[in-house]
Amino acid sequence: KPAAVVNRLVGGSELTPTSKHCHAVGDMLARMHLAGKDYNRHQPNLRGLAWWNETVPVVLPFLNDAQSSLIQSELAFQNHVANSAAYAALPRGPVHADLFRDNVMFEGAGDSVQLTGFFDFYFAGVDTWLFDLAVCLNDWCIDLDTGGMNADRTAAFLDAYQAVRPLIGAERQLLNPMLRAGALRFWTSRLWDFHLPREAAMLTPHDPAHFERVLRALPHLFPLMPAILAGRPIRPSAAAFRALALHDLEADEQRAVLDSLGFESGQAYRTMILGRCRVRRDKVTCPVLCLSGGRDRIVSERLSRGIA
């Protein structure tokens, strides 16, 4: 086979990134996009929309009714988005398309951490830069327990990216749909790898359920992010409450709970997800019970245990 000999990147991957790591990746991703702008060779994203349309019907027999409904409705939505004028206006160029935490190297720690390189361009091709950005946000800025976005890491990533390459209007309009596209792409590929492994493939299938959780949470959580980051009160819609916190309850129980809900404190939520919830132990003079939903898609069990 053809081969290339290259210098080895120094450092190691960071599987529990902080806002500083996300800032560094966002900055370098934008620089990579601009650097490849005038590259004159073209290979399409081989795991793009055409592949989703081919592969989703193949994995449907392995899904339950709720999963089947979700993946088919999302695929229909993505085909609709791809035919829109806003999508046609998105800037395009070479993309990594798989820039997860284990495909980036860092050296140092704390304030001295330095990004030393991206690697594993196996799935690279030409696609919208926004899709590449969305794939990154869906990994670097996601709480792995719930599939929900971490507001602080999201802001750090987007601020760094836009300091180099500001998003145009069409990109701002389609950021949430492209986040959903990224989740659909990797849910589909992980289902395919898990249920239909290729013979002799050197591949360890990843859990498909992770990107199912991301896809269920994204349409409801992302629109709330500006208010959460600002610490303003938030009032999720009834659909959001049903999808994120009440999904295991019967319909009549959901209605009863929804009738009693009001605004949530965006400031308290921001404090929790940023890990800044501190308790003065000397001020607690009575027993305290901390309750958490075991399958809550907003606040993870890990976060609840930390607060408790």
Side-chain angles (χ1 to χ4, degrees), residues 4-37 39 45 47 93-125 127 129-167 175 178-179 182-183 185-186 189-190 202-207 210-211 213-214 225 229 270 273-276 300 302-303 306:
V5 178
V6 299
N7 291 335
R8 178 182 179 275
L9 295 174
V10 297
S13 296
E14 178 53 66
L15 302 183
T16 55
T18 65
S19 296
K20 188 171 183 64
H21 296 102
C22 291
H23 187 279
V25 178
D27 172 84
M28 184 60 72
L29 181 70
R31 295 181 188 281
M32 185 190 81
H33 287 163
L34 293 177
K37 187 176 180 179
Y39 186 67
N45 178 3
R47 291 291 184 269
V95 300
H96 186 288
D98 190 26
L99 195 62
F100 280 43
R101 303 174 193 191
D102 55 355
N103 288 335
V104 179
M105 300 288 266
F106 295 93
E107 189 175 33
D111 291 338
S112 64
V113 66
Q114 296 290 326
L115 190 156
T116 59
F118 296 166
F119 65 98
D120 192 3
F121 284 79
Y122 185 83
F123 287 108
D127 206 326
W129 289 337
L130 186 63
F131 177 77
D132 209 21
L133 174 61
V135 168
C136 291
L137 292 173
N138 277 348
D139 183 63
W140 288 89
C141 306
I142 288 290
D143 184 296
L144 298 181
D145 293 335
T146 67
M149 299 201 81
N150 180 288
D152 197 40
R153 280 185 274 151
T154 302
F157 202 115
L158 286 172
D159 287 349
Y161 185 92
Q162 292 198 87
V164 177
R165 191 190 76 81
L167 300 182
L175 179 55
M178 285 300 99
L179 288 166
R185 179 266 191 250
F186 283 96
S189 63
R190 288 188 176 189
M202 296 178 63
L203 175 70
T204 301
H206 295 284
D207 177 18
H210 169 65
F211 279 103
R213 290 191 295 269
V214 173
M225 282 299 171
L229 286 169
R270 184 176 188 273
I273 63 177
L274 298 186
R276 296 173 181 167
S300 68
R302 174 184 51 79
L303 181 58

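For the single chain, residues carry numbers from 1 onward in sequence order. Remember, it's a predicted structure, so these values are computed and weren't measured experimentally.
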Could you check V104 against F119 for side chain to side chain contact (heavy atoms under 4.5 Å, CB included), going step by step and ending with a plain yes or no? CA-CA 6 Å; V104 179; F119 65 98; 5.9 Å; no
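- Remark: R185 is positioned above the aromatic ring of F123, its terminal NZ or CZ atom under 6.0 angstrom from the ring centre and at most 45 degrees off the axis.
- Partners of D98 by salt bridge (Lys or Arg N to Asp or Glu O under 4.0 Å), not counting sequence neighbours: none found.
- Listed by chain and residue number, V10, T116 satisfy the side chain to side chain contact (heavy atoms under 4.5 Å, CB included) test with E107 (two or more places apart in sequence, or in another chain).
- Among residues two or more places apart in sequence or in another chain, the side chain to side chain contact (heavy atoms under 4.5 Å, CB included) test is passed with A134 by M178, L179.
- Looking at residues two or more places apart in sequence or on another chain, you find no side chain to side chain donor-acceptor pair (under 3.5 Å) involving S112.
- For R165, the salt bridge (Lys or Arg N to Asp or Glu O under 4.0 Å) test picks out E171, with sequence neighbours left out.
- Of all non-hydrogen atoms in G182 and V135, the two that sit nearest each other are CA-CG2, 4.3 Å.
- Partners of T18 by side chain to side chain donor-acceptor pair (under 3.5 Å), not counting sequence neighbours, listed by chain and number: H21.
- Taking H33 as the reference, D132, Y161 meet the side chain to side chain donor-acceptor pair (under 3.5 Å) condition, with sequence neighbours excluded.
- In this structure, the side chain of R101 engages the main chain of D139 through a donor-acceptor pair within 3.5 Å.
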Determine whether F118 and L9 satisfy the following criterion, side chain to side chain contact (heavy atoms under 4.5 Å, CB included), listing intermediate values before the conclusion. CA-CA 9 Å; F118 296 166; L9 295 174; over 6 Å; no
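- Remark: the S13 side chain and the D102 side chain contain no N/O donor-acceptor pair separated by less than 3.5 Å.
- The minimum heavy-atom distance linking R213 with L144 is given by the pair NH2-O, 3.6 Å.
- For H23, the ring-ring contact (aromatic ring centres under 6.0 Å, His included) criterion is met by no residue, not counting sequence neighbours.
- In this structure F131 satisfies the ring-ring contact (aromatic ring centres under 6.0 Å, His included) test with no other residue, sequence neighbours excluded.
- Among residues two or more places apart in sequence or in another chain, the ring-ring contact (aromatic ring centres under 6.0 Å, His included) test is passed with F121 by H96.
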Test side chain to side chain contact (heavy atoms under 4.5 Å, CB included) on E14 and T16; report intermediate values, then the result. CA-CA 6 Å; E14 178 53 66; T16 55; 2.9 Å; yes
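- Of the inter-residue distances, the one linking C22 atom SG with D152 atom CG reads 9.0 Å to the nearest 0.5 angstrom.
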Assess whether side chain to side chain contact (heavy atoms under 4.5 Å, CB included) is satisfied between D143 and M149, documenting all intermediate values. CA-CA 6 Å; D143 184 296; M149 299 201 81; over 6 Å; no
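- Pairs of residues two or more places apart, or lying in two chains, that qualify as salt bridge (charged side-chain N to carboxylate O under 4.0 Å, His left out) and include a residue from residues 17-35 are D27-R31.
- C141 and F157 get closest at one heavy-atom pair: SG-CB, 4.0 Å.
- Residues L137 and L175 have side chains in contact (heavy-atom distance under 4.5 Å, counting atoms from C-beta outward).
- Residues P94 and G36 share a closest heavy-atom pair of CD-O, 3.2 Å.
- With a 4.5 Å cut-off on side-chain heavy atoms, I142 and V214 count as touching.
- Under the rule for a side chain to side chain contact (heavy atoms under 4.5 Å, CB included), the partners of Y122 that lie at least two apart in sequence or sit in another chain are D120.
- Residues F106 and V25 are in side-chain contact: their nearest non-hydrogen atoms beyond the backbone lie under 4.5 Å apart.
- Using modelled atom types, one side-chain atom of W140 and one backbone atom of L99 make a donor-acceptor pair closer than 3.5 Å.
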